[in-house]
There are 2 protein chains.
Amino acid sequence: MTDVVERLRAALGERVRSDAAARDAHRRDWWVLSELQDLEGRGPAAPRAVVEPGSAHEVGRTLAICREAGVPVVTYGGGSGVCGGIRSEAGDVILSTAGMSGLVDLDDRNLTATFRAGTNGLAAEQEVRRHGLTIGHWPQSIELASVGGLVATRSAGQFSTAYGNVEDLILDLEVVLPDGRLLRTRRTPRASAGPDLRQLFLGSEGTLGVITEVTFSLRPLPEASRGQAFHFPDLEAGLNGVRQLLRDGFRPAVVRLYDAKESGRNFGDACPEGRCFLLLLHVGPEELVAAQIGGVARRCLEAGGAEADAATVDHWLEHRNRVPGFDVFLEKGIILDTIEVASTWEHLLPIHRAAIASLEQVDGILSASAHTSHAYRSGTNLYFTFLARPAERAEMEACYRECWRRVMDATLANGGGIAHHHGIGRVRAGRLAEEIGSVGVDVLRAIKRALDPDGLLNPGALLPGSDG
Amino acid sequence: MTDVVERLRAALGERVRSDAAARDAHRRDWWVLSELQDLEGRGPAAPRAVVEPGSAHEVGRTLAICREAGVPVVTYGGGSGVCGGIRSEAGDVILSTAGMSGLVDLDDRNLTATFRAGTNGLAAEQEVRRHGLTIGHWPQSIELASVGGLVATRSAGQFSTAYGNVEDLILDLEVVLPDGRLLRTRRTPRASAGPDLRQLFLGSEGTLGVITEVTFSLRPLPEASRGQAFHFPDLEAGLNGVRQLLRDGFRPAVVRLYDAKESGRNFGDACPEGRCFLLLLHVGPEELVAAQIGGVARRCLEAGGAEADAATVDHWLEHRNRVPGFDVFLEKGIILDTIEVASTWEHLLPIHRAAIASLEQVDGILSASAHTSHAYRSGTNLYFTFLARPAERAEMEACYRECWRRVMDATLANGGGIAHHHGIGRVRAGRLAEEIGSVGVDVLRAIKRALDPDGLLNPGALLPGSDG
């Protein structure tokens, strides 16, 4: 019996890489805990090999060879996940989608564009922009992420309040199933033809199949794009303003409300101390944008808001994706992360209060704050950021896990959902049963067994019982 | 071993009905072929019994008893399906949701309302209207359908272009799985916590579980509601007008474009002969509705449309759900049905042309026409209506099947999807593999086996290999 790498190489030639550099570069995603462990010399092991199939057919061959050998396969897109969805074990094969990149077809009349799954998110957006169109999906990771990864993680973009999340932006998918067969969903605007098969793979995090093509339903670049900003006496007043404008049918593309701490830190020039800053961006036909700006202003003022300098929105747009790497902090002994949760309106303030108060009890906590960045008729997300410097460097991982546990506990105790858009990966896998119930977990496991009976695909992620 | 009906009665008492009237009334849905067969004295057999559980717990007991006895269970909501999703065999047990009705909770701030699954659709809408709110889901069947059935069939409402289809309107579900366990999805506005479990049951047509509660994300009743109408020289010009207004970001709630035949038949007073009528309804805040009316008018005029009397919209709103029963026609030897399909913009005209031309070749065809009633950025649906009177009454079923086959063939040959919103049931089950591929069907079968290993739930519907 020859080694699986040799068999892969016999089938796929130079698409199989087993050099130390490739193996090292594909060990993990951007989960800060993996990065910390790396810095401490105890990071994830290098995989056995990295395969970069050039086609769905080659994905199928890769899976077949690994299945025969009983070797786990971890699909790697842009590597920009922040929940530990990618974290190799020594025996794993990494299936990188980097060999499947670029536009397959674009149709201006249908407003469709199909990309191979490894296409970089920003490259895809730039491609359709050349035709005056937009995907309109702006996760902060867009410069790093692959379009397949954006689907597999059920990502949300900064313009989601008007444009929707990734599940609202895709038309059809091509997926290689664990048994190597190709599933292609039908390219129609809508169907009632049984359960929507795309939804199995949205959020599957590499556990149910390998997405090989993604078709987006595009929009033209908007005729108008205008910022608007307000500040409110407190988070409650700001949330009431946002709730009222969503309730009445206004849909700004960007709706970001910051708590007092983040407002001071990020918008000190435009927001009086102690108040909560609301940043809005309206996109669309000129007459709708104008009408929306008027209607939104009236509701925000009624909710106790005061108009602020809209130039802050331009500044935010320009700088929004410039965030420092974790390494700068980790090297100083500071552990940090962001945690996004969601809830209906009634639970938002209790979750915010409880999570911040709980984080502030952590030994060494430096900062705990939050904003909301994705609004819906029935609620919003909350996006927490924490930084802590425990007394001893050796306590950084324990401190990290404690901060996460506290935010998860506060969210669940107050009726929220633990995962708005970063996904489950490993950091949340142990809490999944509290989100969807043990019955929900069993349903996912049953589907996993039905499609991937050997448990070949990304075995450590999503489902509890992993090493989270 | 006692009879299953006795065991059900021992567990559920008077909730088990085995009288002839109850059994007869629950044999089938509104599928015209079942009705025809009934008139011909060869309709579906009466089920063994009708069970009306009063709670999710009683649903679980019903399923457990039937499972132990190896007896199929067909869930019956409002009975208003038109695809043969409900069609009993002599040994079946019908599980009617009529015993689970009414509002569970309503929260004005969160804009949520939870109903038990057997609640009538219109009753649910009237309930939330008392609070100044709307579900906004207006399928033509609303006076008959149950809210559970509206979810299980992935229904679409007449206001879908602004408000979305049922999958866009629900927040969480409670479902009894075939093994009797209760799945409750989390009440959050959005989650990335693995594949969305609600999507398994949207479109499941009673094959994967029994929906027992549905929570909607509501809207307030709109501040303004205004009609608008145009007529176009032909269907192509009308479709271009609709395409352009959707493309540019306008979202009227109602967008209905009729081909020349239906325009003459339904809007003869307002639409010159041979032209295609477009009926629009705008809902929302006054300023957005006003802006939208202006923007839409400009685009429709640019596409070759002429403004028509908006009073037609009020007339349509008032009379939209008054349709004659099939029996009037069947008794005259006329077989008829509606068939809704969908496609991206480029395929709509070829599908319309091919399907109408093909229907017109059917012996005895009286009329073949279509409109579109649900618009999206990347395409619309097409809603065909056909009437035929074959030479011999005995040929009515064969004629019916031929008409269906021709529309399915024309749709698939021209790149469309065969099922926009009525579902699969039995009438489309034999064509499902052409819609989602044999791999797609295998995936559905694998999920079915994983959740319902005994094939207990509605075995004849959705999946091919049934008696379609």
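Worth knowing before you read on, the calculation uses all heavy atoms, side chains too, and leaves out hydrogens, waters and symmetry mates. Chain identifiers are assigned alphabetically (A, B, ...) following the order of the sequence lines, protein sequences preceding nucleic acid strands; residue numbering begins at 1 within each chain.
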Is the backbone N or O of [Y] less than 3.5 Å from a side-chain atom of [X], with the two atoms forming a donor-acceptor pair by type?
X        : Y        : answer
B:Arg184 : A:Val439 : no
A:Arg377 : B:Leu218 : yes
B:Arg219 : A:Gly249 : no
A:Ser378 : B:Asn110 : yes
A:Arg190 : B:Ala342 : no
A:Arg187 : B:Ser343 : no
A:Arg154 : B:Ala193 : no

Which distance, rounded to the nearest 0.5 Å, do you find between the [atom1] of [X] and the [atom2] of [Y]?
X        : Y        : atom1 : atom2 : result
B:Arg186 : A:Leu412 : CZ    : CG    : 5.0 Å
B:Ile447 : A:Leu200 : CD1   : CG    : 4.5 Å
B:Asn165 : A:Ser192 : CG    : OG    : 9.5 Å

Beyond-backbone contact of [X] with [Y], side-chain heavy atoms, under 4.5 angstrom:
X        : Y        : answer
B:Thr380 : A:Pro189 : no
B:Leu111 : A:Thr344 : no
A:Leu197 : B:Leu444 : yes
B:Phe250 : A:Pro285 : yes
A:Asp442 : B:Arg181 : yes
A:Leu462 : B:Pro195 : yes

Salt bridge present between [X] and [Y] (N-O < 4.0 angstrom):
X        : Y        : value
B:Arg298 : A:Glu287 : yes
A:Glu346 : B:Arg109 : no
B:Asp108 : A:Arg247 : yes

Which atoms of [X] are under 4.5 Å from chain B, going by heavy atoms: the side chain, the backbone, both sets, or neither?
X        : result
A:Leu432 : side chain
A:Leu245 : neither
A:Thr207 : neither
A:Arg299 : side chain
A:Leu451 : side chain
A:Asp179 : neither
A:Ala162 : neither

Counting only heavy atoms closer than 4.5 Å, note whether [X] contacts chain A via side chain, backbone, both or neither.
X        : result
B:Leu348 : neither
B:Glu434 : backbone
B:Leu202 : backbone
B:Asn240 : neither
B:Ile436 : both
B:Leu182 : backbone
B:Leu171 : side chain
B:Ala152 : neither

Best-contacting candidate, [options], against chain B by heavy atom pairs under 4.5 angstrom:
options                                : answer
A:Ala446, A:Ala291, A:Ser438, A:Gly284 : A:Ala291
A:Gly379, A:Gly164, A:Ala450, A:Ala191 : A:Ala191
A:Asp248, A:Ile418, A:Val341           : A:Asp248

